[in-house]
Each structure stands twice: as C-alpha cells, then as structure tokens.
Amino acid sequence: MSRTLTLIQTGWESVRAIAESGRKADALAQLDRLLARPDVPADIAVEGHRLAGTLALDTGRFALARRHLKAAAALDVTDARTRYLAGRAWEEDPDGCDRRAAITFRKAARLDATKPLYRAAFGRAAARCGKLRYGVREMLAATEQAPGDVKVVRIAVNGLLEMGKPGRARWVLAKAKFLCPNHPELAALADRTKFETARLTQRQAAKTRGNTRYAQDAQFATDGDRVLLPFVRIADGTAAKSVTPGGSVRTDTVSFPRPHLVRRRIGKADR
C-alpha cells in the first residue's frame with residue numbers, strides 16, 4: 001500500500017512539473033490517467049481535479065473543465081475558487097450558459113466574500129441575464145472593494161460598457177488610473193471607453209435628428225475577394241460649392257459591382 005501511495009505521489013508531482021513547464025496538454029492527459037485510479041487519496045484527488053479543470057479551461061476544453069471542477073467541488077464544498085473557475089467554464093464557452101455562470105459565480109462570492117473578483121464576475125453575468133440594475137450594483141461594489149485591482153476593474157469596465165454604461169465605466173477607471181498610473185491595460189480600457197462613449201453619443205444625436213441610418217450599417221461593395229471602399233466626402237447638409245464647382249454631394253449608399261463578361265470579336269483564326 002505504501003508503495004502504491006509513493007507511485008501516486010510521484011505521478012502527481014510529475015504532472016505538476018509538466019504543467020509548470022507549459023506543456024498543458026501533456027499534463028492534462030497524464031492527470032486524466034492518474035485520476036482514473038480508484039486508490040487516489042482525497043487530498044490529491046481534490047487538487048488534481050482542480051488542476052485538470054484549470055488546464056482544460058486554458059486549452060479551451062470547456063466541457064471537460066466543468067466535469068473536473070464539478071468533481072473537485074463535490075470533494076471540497078468550501079472552496080470558492082473551484083466555483084469561480086466553473087463559472088468561467090460556463091461563461092467562456094461559446095455554447096455555454098450565462099445563467100449557470102451567474103449561479104456558479106454567486107456561490108463563489110458567497111463562499112469567499114473577501115474576493116471582489118468573484119463578485120465582479122457575478123455582477124457581469126447577472127447583468128447579461130437581464131438583471132441589469134442588480135448586476136451593475138454588484139460590479140460597482142466590487143470595484144469599491146478593490147479599486148486598484150486591474151482584474152476586477154477589467155471585468156467591471158467591460159461589463160459596464162457591454163450594458164451601455166460608459167459614464168460608470170469612466171468613473172471606475174478614474175479611480176483605478178489614480179491608484180495605478182501608467183498601467184498599459186488601464187490605458188487600453190480608457191481608450192475603449194472613449195470610443196464607446198463617442199459611438200453612443202453619435203447614435204443618440206442621430207436619433208434626435210431623426211436619422212436612423214448609421215455609418216456601421218452601410219454594406220461593403222465587393223469585387224471577388226477584394227473590398228472596394230467608396231470615396232468619402234463630408235455631407236453636412238450645406239451647399240456643395242466648396243466641393244466641386246457646380247457639383248453636388250452624393251449621400252447614397254454604396255453599390256455592389258458585379259463582374260462583366262467581355263465580348264471578344266471572333267476572328268478567322270478562331271474558326
């Protein structure tokens with residue numbers, strides 16, 4: 001029995017070394033074989049399933065990640081990080097479920113209220129499920145709890161922009177940039193917030209003027225595999241005397257040119 005435990009412990013240490021070296025697929029394959037043994041100790045089983053879930057999540061195998069994390073959660077019902085990782089496996093999966101992600105993130109936040117990352121993730125998932133006010137409140141509360149945590153700020157800002165709240169996102173970023181000046185990720189988030197604010201402002205102005213057509217609604221004109229861009233002119237509703245003398249500004253949509261069959265004159269040599 002002691003020899004078996006020594007072999008299992010050696011295999012577990014080998015798997016962790018392979019994972020730390022960056023060979024995630026190899027580590028996951030060996031870990032699956034190790035966890036399939038019926039005599040794996042409980043402590044190694046918990047850590048092994050959690051590591052397998054993390055590796056599967058990093059490699060995009062979301063269903064496998066959920067299976068391992070569910071096993072780890074059954075063996076240790078008090079671990080909040082396992083629930084957080086399971087929530088990510090639901091959230092990041094293209095075929096996942098925001099509702100299940102929100103439920104899992106909420107469990108993680110309740111198990112460990114000291115981690116604002118779990119609360120921010122729950123708030124974004126709740127907002128995606130239609131609970132907008134509740135989700136926004138949770139995201140803002142998480143940033144109040146950790147205003148200088150870039151991971152928390154990233155989730156909150158992306159979630160607020162996704163929900164059409166650029167003003168709240170700017171408010172969160174202002175405090176974060178004060179605590180972490182010159183942080184490249186915060187600068188990128190600030191640029192995205194500026195662009196989103198400008199886009200929403202332009203759309204609102206267009207609705208006020210009664211114009212329901214936007215620049216991003218125009219279709220591309222294509223010629224084979226190439227994209228043809230129309231010549232851009234500024235149309236502000238004034239006279240066109242500054243563009244071309246005696247000309248006019250066209251504001252119609254782009255056209256879709258199609259290939260033309262060229263007729264060639266048949267000569268005697270072709271007969």
Side-chain angles (χ1 to χ4, degrees), residues 4-112 115-130 135 138-139 142 149-152 154-156 158-159 162 185:
T4 303
L5 292 177
T6 302
L7 290 174
I8 293 175
Q9 184 68 32
T10 302
W12 169 236
E13 293 176 356
S14 174
V15 166
R16 289 195 299 180
I18 294 174
E20 291 175 358
S21 67
R23 296 159 54 195
K24 297 181 180 181
D26 294 339
L28 184 58
Q30 292 194 22
L31 196 52
D32 282 335
R33 291 193 293 268
L34 178 65
L35 293 173
R37 298 176 61 97
D39 52 353
V40 177
D43 56 342
I44 294 180
V46 173
E47 293 295 330
H49 281 296
R50 189 178 298 124
L51 177 59
T54 304
L55 294 174
L57 183 61
D58 292 340
T59 54
R61 302 176 65 182
F62 302 106
L64 180 62
R66 290 193 293 268
R67 187 163 66 248
H68 279 294
L69 293 169
K70 182 179 180 181
L75 294 171
D76 186 1
V77 297
T78 62
D79 187 69
R81 177 168 172 77
T82 302
R83 271 73 177 183
Y84 168 70
L85 293 174
R88 283 185 52 196
W90 281 113
E91 182 183 57
E92 297 177 15
D93 188 354
D95 300 322
C97 177
D98 287 331
R99 185 184 65 83
R100 292 185 178 182
I103 293 173
T104 313
F105 284 140
R106 181 175 59 184
K107 290 181 180 178
R110 289 180 176 178
L111 286 172
D112 191 353
K115 292 292 182 62
L117 179 65
Y118 304 161
R119 191 173 188 180
F122 165 60
R124 183 174 63 179
R128 288 173 175 174
C129 293
E138 289 296 305
M139 286 186 283
D149 192 326
V150 178
K151 292 182 179 179
V152 175
R154 180 203 309 140
I155 292 177
N158 288 332
E162 188 177 331
E185 187 169 355

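Heavy atoms only: backbone and side chains are in, while hydrogens, waters and symmetry mates are out. Residues take their numbers from the sequence shown, with the count starting at 1. Since the structure is predicted, the reported quantities are computational estimates derived from the model, not experimental observations.
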Student: Between Met139 and Ala120, what is the shortest heavy-atom contact and its length?
Tutor: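 Looking at all heavy atoms of both residues, the closest pair is CG-O, 3.8 Å.
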Student: If I take atom CG from residue Leu69 and atom OG1 from residue Thr104, how far apart are they, to the nearest 0.5 angstrom?
Tutor: 10.0 Å
Student: For a quick test of reading the model, state the closest non-hydrogen atom pair linking Ala45 to Leu75 and the distance between them.
Tutor: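 Looking at all heavy atoms of both residues, the shortest contact is CB-CD1, 3.9 Å.
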Student: Walk me through it: do Tyr118 and Phe105 pass the test ring-ring contact (aromatic ring centres under 6.0 Å, His included)?
Tutor: CA-CA 6 Å; Tyr118 304 161; Phe105 284 140; 8.3 Å; no
Student: On a heavy-atom basis, which atom in Val46 and which in Ala72 lie closest, and how many Å separate them?
Tutor: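 Smallest interatomic distance, heavy atoms only, reads O-CB, 4.0 Å.
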Student: Where is the tightest heavy-atom contact between Ile44 and Ile8, given as atom of each residue plus distance?
Tutor: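 Closest approach of Ile44 to Ile8: CD1-CG2, 4.0 Å.
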Student: Taking atom CG of Leu85 and atom CZ of Arg81, what is their separation to the nearest 0.5 Å?
Tutor: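 If we round to the nearest 0.5 Å, Leu85:CG and Arg81:CZ are 4.5 Å apart.
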Student: Using atom types as modelled and distance alone, determine if a side-chain donor or acceptor of Arg66 lies under 3.5 Å from a backbone N or O of Ala89.
Tutor: yes
Student: Which heavy-atom pair separates Ala65 from Gly53 by the least distance, and what is that distance?
Tutor: CB-O, 3.4 Å
Student: Check the pair Arg50 / Asp79 against salt bridge (charged side-chain N to carboxylate O under 4.0 Å, His left out), numbers first and verdict last.
Tutor: CA-CA 10 Å; Arg50 189 178 298 124; Asp79 187 69; 3.3 Å; yes
Student: Using 0.5 Å steps for rounding, measure from the CD1 atom of Ile103 to the CZ atom of Arg99.
Tutor: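 The CD1 atom of Ile103 sits 4.5 Å away from the CZ atom of Arg99.
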Student: If we only count heavy atoms from C-beta on, is the Val77 to Arg83 side-chain gap below 4.5 Å?
Tutor: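 Result yes, sub-4.5 Å side-chain heavy-atom pair found.
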Student: Drop me the distance from Arg119's CZ to Arg110's CZ, to the nearest 0.5 angstrom.
Tutor: 11.5 Å
Student: Could you state the interatomic distance from CG (Leu51) to CG (Leu28), rounded to the nearest 0.5 Å?
Tutor: 8.5 Å
Student: Any ion pair linking Arg37 and Asp39 (charged N to carboxylate O, less than 4.0 Å)?
Tutor: yes
Student: Just how far is it from atom CZ of Arg88 to atom CZ of Phe62, taken to the nearest 0.5 Å?
Tutor: 9.0 Å
Student: State, yes or no, whether a side-chain contact exists between Leu31 and His49 at a heavy-atom distance under 4.5 Å.
Tutor: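 Sidechains of His49 and Leu31: no contact.
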Student: Donor-acceptor check, side chain of Thr59 to backbone of Leu55, threshold 3.5 angstrom: yes or no?
Tutor: yes
Student: So, for Ala125 and Ala101, which heavy atoms are closest and what is the spacing to 0.1 Å?
Tutor: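 It is CB-C, 4.3 Å.
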Student: Quick one, Glu47 and Arg16 - any side-chain contact, counting heavy atoms below 4.5 Å?
Tutor: no
Student: Hey, mind stepping through Arg100 and Glu91 against salt bridge (charged side-chain N to carboxylate O under 4.0 Å, His left out) and telling me if it holds?
Tutor: CA-CA 8 Å; Arg100 292 185 178 182; Glu91 182 183 57; over 6 Å; no
Student: Going by the side chain to side chain contact (heavy atoms under 4.5 Å, CB included) test, name the single residue among Leu35, Thr82, Leu57, Thr54 that passes it with His68.
Tutor: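 Only one of Leu35, Thr82, Leu57, Thr54 forms a side chain to side chain contact (heavy atoms under 4.5 Å, CB included) with His68, namely Leu35.
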